[in-house]
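Structure, as structure tokens:
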Amino acid sequence: MDISALQTFLAVAETGSFSAAAERVFLTQPAISKRVAALESELGTPLFDRIGRRVQLTEAGRALQERAHGILAEIEDARRAISRLSGAVRGTLRMAASHHIGLHRLPPALKQFHDTYPDARLDIRFLDSESGCQAVEQGELELAVVTLPSHASAQLQLIPVWPDPIDIVVGRSHPLATESGVTALTLLNYPAILPGPGTYTREIVLSALEPVREGIQIGMSTNYLEVLKMLASVGLGWSALPRTLIDDSLSVVQIRNIAIQRELGVVIHRSRTLSNAGQAMLDIIQCEN
């Protein structure tokens with residue numbers, strides 16, 4: 001079974017489109033179709049149902065998708081293990097970073113890596129923390145620099161790097177900006193603007209507000225912290241933001257007995273071998289703390 005055919009199959013499966021898959025793997029659409037057809041011929045069964053411009057996995061396709069990630073991850077792990085024997089830092093490091101960390105925490109580490117290891121190439125995906133962890137778990141990426149989850153898969157190793165305190169904030173004109181003696185119950189009187197459902201940061205915030213979380217009025221959600229900051233600054237509700245993002249456009253709301261903190265750091269797979277480039281990046285990031 002050809003490795004490139006498996007990679008092409010996964011690209012089609014994940015994008016739901018031959019044309020989108022072609023853009024992802026830098027091939028023409030006819031080349032994509034040819035590889036998938038060859039794989040279907042080898043396995044003796046269709047892997048996709050073609051429905052208009054969209055494609056959907058058949059039962060056989062779903063079964064192959066589950067195994068293809070593991071096969072490619074094992075091959076990549078073998079390559080990294082062999083490459084590490086030379087000690088050279090080269091090749092491509094495939095990693096993820098959350099948008100916030102990519103903007104506010106990672107630039108010094110990226111510059112140092114680029115300057116120190118000119119023979120290595122970075123392939124960085126900017127993903128939500130949840131997607132970054134999933135990509136590492138599935139073997140698509142070596143590491144992710146993200147908000148660390150409170151509860152992670154047993155396959156993932158979490159390496160804390162930056163403590164990231166979070167404050168409840170409002171715009172300067174919001175009633176809470178001048179109210180004293182604010183408690184968690186007070187927050188229920190005003191709409192909240194929080195990260196989207198299922199995100200690690202949202203769960204960290206709501207867990208800290210556990211006694212009142214069911215009564216919180218969540219008016220708007222977005223996964224982009226800079227957008228949360230803007231919405232709060234113009235008075236549309238209270239939000240919870242990392243202390244590093246807070247400026248004069250916001251007022252911090254002090255709430256008795258409430259402390260919120262998330263951990264930012266690196267996620268790697270416990271059973272995968274880091275390449276020399278991956279280990280070098282991890283060492284640089286840890287030294288940044």
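Quick note: numbers below take in every heavy atom, side chains included, and nothing from hydrogens, waters or symmetry partners. All figures in this text were calculated on a predicted structure; none of them were measured in a lab.
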Checklist entry - Given the rule in the side-chain contact (heavy atoms from CB on, under 4.5 Å) test, do F9 and L57 qualify, once you have shown the distances and angles that lead to the verdict? => result CA-CA 10 Å; F9 161 76; L57 287 166; 3.8 Å; yes

Item to check | Side chains of R125 and S131, donor plus acceptor under 3.5 Å | outcome: no

Item to check | Validation row: P242, H100 side chains within 4.5 angstrom (heavy atoms) | outcome: yes

Checklist entry - Just wondering, more than 12 heavy atoms not from Q261 lying within 6.0 Å of its CD? => result yes

Checklist entry - Just checking, any donor-acceptor pair under 3.5 angstrom between side chains of T199 and T201? => result no

Checklist entry - Can you check whether M281 reaches L122 side chain to side chain, under 4.5 Å on heavy atoms? => result yes

Checklist entry - Is it true that atom CZ of R67 has more than 12 heavy atoms of other residues, nucleotides or ligands lying nearer than 6.0 Å? => result no

Checklist entry - Taking atom types as modelled, is there a side-chain donor on Q112 or T116 under 3.5 Å from an acceptor on the other? => result no

Checklist entry - Going through the distances and angles, do S233 and R172 end up as a side-chain hydrogen bond (donor to acceptor under 3.5 Å, both in side chains)? => result CA-CA 7 Å; S233 70; R172 308 288 290 187; over 6 Å; no

Next on the checklist: With rounding to the nearest 0.5 angstrom, report the OG to NZ distance, S41 to K34.
Outcome noted: 12.5 Å

Checklist entry - What residues, two or more places apart in sequence or in another chain, satisfy side-chain hydrogen bond (donor to acceptor under 3.5 Å, both in side chains) together with D283? => result Q279

Checklist outcome for this item: CD1 of I204 to OG of S150, rounded to nearest 0.5 Å, is 4.5 Å

Checklist entry - Sub-3.5 Å donor-acceptor pair from the side chain of T222 to the main-chain atoms of V227, do we have one? => result no

Next on the checklist: Do Y200 and I216 sit in one hydrophobic cluster, given that two such residues count as connected whenever their side-chain heavy atoms are within less than 4.5 Å of each other, even indirectly?
Outcome noted: no

Checklist entry - Are I193 and V252 grouped together when hydrophobic residues (ILVMFWY) are joined by side-chain heavy atoms under 4.5 angstrom apart? => result yes

Checklist outcome for this item: Closest non-hydrogen contact found for V170 with A177 is CG2-N, 3.7 Å

Checklist entry - Got a sec, which hydrophobics cluster with L103, joining ILVMFWY side chains under 4.5 Å apart, including via others? => result none

Checklist entry - Would the number of heavy atoms belonging to other residues, nucleotides or ligands and lying under 6.0 Å from CG of D247 be above 12? => result yes

Checklist entry - For atom CD of E214, is the number of surrounding heavy atoms from other residues, nucleotides or ligands below 6.0 Å larger than 12? => result no

Next on the checklist: Could you check whether K229 pairs with E226 (Lys NZ or Arg NE/NH1/NH2 to Asp/Glu carboxylate O, under 4.0 Å)?
Outcome noted: no

Item to check | Within 6.0 angstrom of N257 CG, more than 12 heavy atoms from elsewhere | outcome: no

Checklist outcome for this item: d(Q134 CD, L156 CG) to nearest 0.5 Å is 10.5 Å

Item to check | Considering all heavy atoms, the nearest A21-T15 contact | outcome: N-OG1, 3.5 Å

Checklist entry - Could you go step by step and tell me if S19 and S17 meet the side-chain hydrogen bond (donor to acceptor under 3.5 Å, both in side chains) rule? => result CA-CA 5 Å; S19 58; S17 163; 2.9 Å; yes

Checklist entry - Tell me, do L245 and L250 make a side-chain contact under 4.5 Å, heavy atoms counted? => result no

Next on the checklist: With side-chain contact (heavy atoms from CB on, under 4.5 Å) as the criterion, how do R94 and E142 come out once you've worked through the C-alpha distance, each side chain's angles and the decisive distance to 0.1 Å?
Outcome noted: CA-CA 6 Å; R94 295 178 176 85; E142 278 197 61; 5.7 Å; no

Checklist entry - Is there a donor-acceptor pair under 3.5 Å between the side chain of S129 and the backbone N or O of T147? => result yes

Checklist entry - Are E40 and R50 close enough for a salt bridge, meaning some N to O gap below 4.0 Å? => result yes

Checklist entry - In Å and rounded to the nearest 0.5 Å, what is the CZ to CG distance from F113 to L93? => result 5.5 Å

Checklist outcome for this item: Smallest heavy-atom separation, V89 atom then A277 atom, equals CG1-CA, 3.7 Å

Checklist entry - Can any side-chain N or O of Q217 pair as donor or acceptor with the backbone N or O of L188 at less than 3.5 Å? => result yes

Item to check | V169 and W238: CA distance, side-chain angles, deciding distance, side-chain contact (heavy atoms from CB on, under 4.5 Å) verdict | outcome: CA-CA 6 Å; V169 296; W238 62 267; over 6 Å; no

Checklist entry - Between Q7 and L10, is any pair of side-chain heavy atoms under 4.5 Å apart? => result no

Item to check | Any V182 side-chain heavy atom under 4.5 Å of L176 side chain | outcome: yes

Checklist entry - Are any of the side-chain heavy atoms of H269 and L143 separated by less than 4.5 Å? => result no

Item to check | Shortest non-hydrogen contact from A60 toward P46 | outcome: CB-O, 3.9 Å

Checklist entry - Hey, is the main chain of P195 close enough, under 3.5 Å, to the side chain of N223 for a donor-acceptor pair? => result no

Item to check | Contacts of type side chain to side chain contact (heavy atoms under 4.5 Å, CB included), residue I258, not counting sequence neighbours | outcome: L209, I255, I260

Next on the checklist: Side chains of L264 and V161, heavy atoms from C-beta outward: is any pair under 4.5 Å?
Outcome noted: no

Checklist outcome for this item: Residues passing the ring-ring contact (aromatic ring centres under 6.0 Å, His included) test with F18, sequence neighbours excluded, are none

Checklist entry - Are side-chain N/O atoms of S153 and E137 paired as donor and acceptor at under 3.5 Å? => result yes

Checklist entry - With the 4.5 Å side-chain cut-off for hydrophobic clustering, are V25 and L47 part of the same group? => result yes

Item to check | Shared hydrophobic cluster, I3 / L27 (ILVMFWY, side-chain heavy atoms < 4.5 Å) | outcome: yes

Checklist entry - With hydrophobic residues grouped by side-chain heavy-atom distances under 4.5 Å, do L241 and I218 end up in a single group? => result no

Checklist entry - Roughly how far apart are L64 CG and L6 CG, rounded to 0.5 Å? => result 6.0 Å

Checklist entry - Pairs in or reaching into residues 143-170: which pass salt bridge (Lys or Arg N to Asp or Glu O under 4.0 Å), with residues at least two apart or in two chains? => result R105-D164, D164-R262, D167-R243

Next on the checklist: If I take atom OG from residue S221 and atom CG from residue L228, how far apart are they, to the nearest 0.5 angstrom?
Outcome noted: 8.0 Å

Next on the checklist: Show the nearest heavy-atom pair for residues R24 and A11, with the distance to one decimal.
Outcome noted: CD-CB, 4.1 Å

Next on the checklist: Is it the case that the side chain of N276 and the backbone of A88 share a donor-acceptor pair, with hydrogens and angles ignored and the cut-off at 3.5 Å?
Outcome noted: yes

Next on the checklist: Side chains of W162 and V145, heavy atoms from C-beta outward: is any pair under 4.5 Å?
Outcome noted: yes

Checklist entry - Could you walk me through whether R35 and L39 pass the side-chain contact (heavy atoms from CB on, under 4.5 Å) check? => result CA-CA 6 Å; R35 286 188 180 183; L39 190 57; over 6 Å; no

Checklist outcome for this item: Between A73 and G139 the two heavy atoms that sit nearest each other are CB-CA, 4.0 Å

Next on the checklist: Just to verify, what does H174 make a ring-ring contact (aromatic ring centres under 6.0 Å, His included) with, not counting sequence neighbours?
Outcome noted: Y190

